Amino acid sequence: MNDNLTDERIEELAKKYGTPLYIYDRDVIRENSRLLKDSVYPGASVYYAMKCNPLVGICRAFREEGLGIETASKGEIVAALKAGYTGDDIIFTSPGKTEEEIGFAVENDLKVINVDSLYEAGIVNSIAAKLNRKARIAIRINPMQCFSNAKIKMTGIPSQFGAEEEELDEAFFDRLKSLSNIETIGFQIYMGTQMLKVEDIIGNTEYAMRLALRLSKEYGIKLKYLNCGGGFGVKYFKNEEPLDMQALKSKMQDLHERMGAELTDTEVIFESGRFLMARAGVMVTRVLYRKDSKGQRFLICDGGSNFHSSAAFLGRFVRNNFPQRAISHCAKSEDIETMVCGPLCTSLDVMGQKVMMDAGVDAGDLIVIECSGAYGFTYSPSLFLSHSSPAEIMIGADKVTVLRRRGDEEDLLKLQEY
Ligand SMILES: Cc1ncc(COP(=O)(O)O)c(C=O)c1O
């Protein structure tokens with residue numbers, strides 16, 4: 001974790017803002033943005049995939065760093081606009097866009113709407129016609145193969161995402177060209193998330209480039225835009241090696257030597273959530289109770305998988321624990337295997353499974369779950385058991401900004417009729 005989030009600082013913030021608490025670090029957002037921009041294909045742009053953390057304050061930070069933004073719903077487009085983005089820096093990708101969402105995207109003249117089928121292209125076309133506009137679209141492709149080791153593969157397999165590569169034929173493109181209120185500017189190919197091997201990212205990118213070039217030549221599409229996805233991973237678990245950014249940069253430069261001449265008129269873009277945000281945030285939860293059960297130590301905390309399901313379920317899925325530590329004032333003792341649990345009435349609510357933790361850790365101490373800036377609160381079943389939602393704050397060089405205030409019981413009742 002970074003130097004800004006020392007134990008003392010975290011304790012101070014937890015006291016002031018309460019727990020559970022998410023803390024994001026503006027400096028890490030800056031460092032990650034610069035590092036990724038510097039390491040991808042030369043001349044390419046990087047877009048922040050806000051699905052990983054949709055707070056307006058976080059989106060604004062990425063705008064300040066010069067990144068575009070990738071959205072997946074009307075709600076995300078609205079948040080991106082609130083963060084100061086304008087349509088020309090917003091792209092829209094989702095397998096299930098409603099007509100209302102498409103209309104909103106067209107009205108705001110988004111840079112591009114990535115569509116998943118010819119059918120959807122037809123819907124965008126008729127909505128754009130009704131609004132007397134011309135919308136830019138790109139075809140999201142589900143490629144024939146997936147040769148990456150993405151931890152979660154999204155395309156290149158049977159998938160709900162994208163148009164099937166095998167179906168992209170003359171008839172497909174003839175029909176596209178007949179739709180006069182859309183302009184097809186290129187393609188999007190997003191293979192999967194959490195890739196830690198440079199060869200996989202390069203392999204996917206090259207595959208995307210070659211496929212897009214072949215299709216655009218064969219079917220007469222002017223390739224102005226090519227979204228190569230990303231899937232840039234982070235090291236969560238002890239047995240993982242972080243993505244080698246030096247090697248990525250050098251292999252991207254080699255790729256540019258191979259492909260650059262053919263892509264001079266094409267804007268190449270990458271999108272990233274996890275790499276940009278995971279290490280920029282921690283979740284802090286306070287131990288409420290300690291118990292020993294049949295020889296096993298349990299710490300029960302005030303926030304768990306209801307506010308950070310990734311730490312519980314992704315960890316379970318790959319049988320591993322997010323990096324975590326205790327901040328404790330108890331007398332030092334030996335480390336023992338400990339189950340770090342949340343307050344939910346389900347045995348799935350475990351964020352640390354048999355983690356080695358000081359046996360002295362007790363009620364009142366803090367547990368810090370690192371690598372939690374991406375797919376944390378936003379990805380969690382927060383209504384389960386009606387606990388008030390955590391505050392989310394960002395620390396900067398000399399100030400702390402509240403990005404989302406702590407929720408209360410009234411918030412939970414807000415939309416209910418009774
Ligand atoms: C189309 C698309 N773009 C970007 C992302 C963000 O991926 P990551 O957080 O791995 O960078 C996802 C994640 O599911 C996605 O589906």
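Counting starts at 1 for both ligands and their atoms, following the listed order. Note that the structure is predicted; figures quoted are calculated from it, not measured. As a basis for the values below, the full set of heavy atoms in this structure was taken, side chains included, without hydrogen atoms, waters or symmetry mates.
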List, ordered by chain and residue number, the protein residues whose closest non-hydrogen atom lies under 4.0 Å from any atom of ligand 1.
A49, K51, E70, R140, M154, Q188, Y190, T193, E271, S272, G273, R274, Y375
side-chain contact (heavy atoms from CB on, under 4.5 Å) partner of L223, chosen from L215, T184, V268, L213:
L213
Qualifying salt bridge (charged side-chain N to carboxylate O under 4.0 Å, His left out) pairs with a residue from residues 260-269, counting only residues at least two apart or across chains
K111-E267, K217-E262
Compute whether any side-chain donor of one residue and acceptor of the other, for Y85 and N108, lie under 3.5 angstrom apart.
no
Within a radius of less than 6.0 Å around CD of E166, do more than 12 heavy atoms belonging to other residues, nucleotides or ligands occur?
yes
Distance-minimising heavy-atom pair for A14 and L366:
CB-CD1, 3.9 Å
Is it the case that the side chains of N53 and Y22 hold a donor-acceptor pair, with the cut-off being a distance below 3.5 Å and no angle test?
no
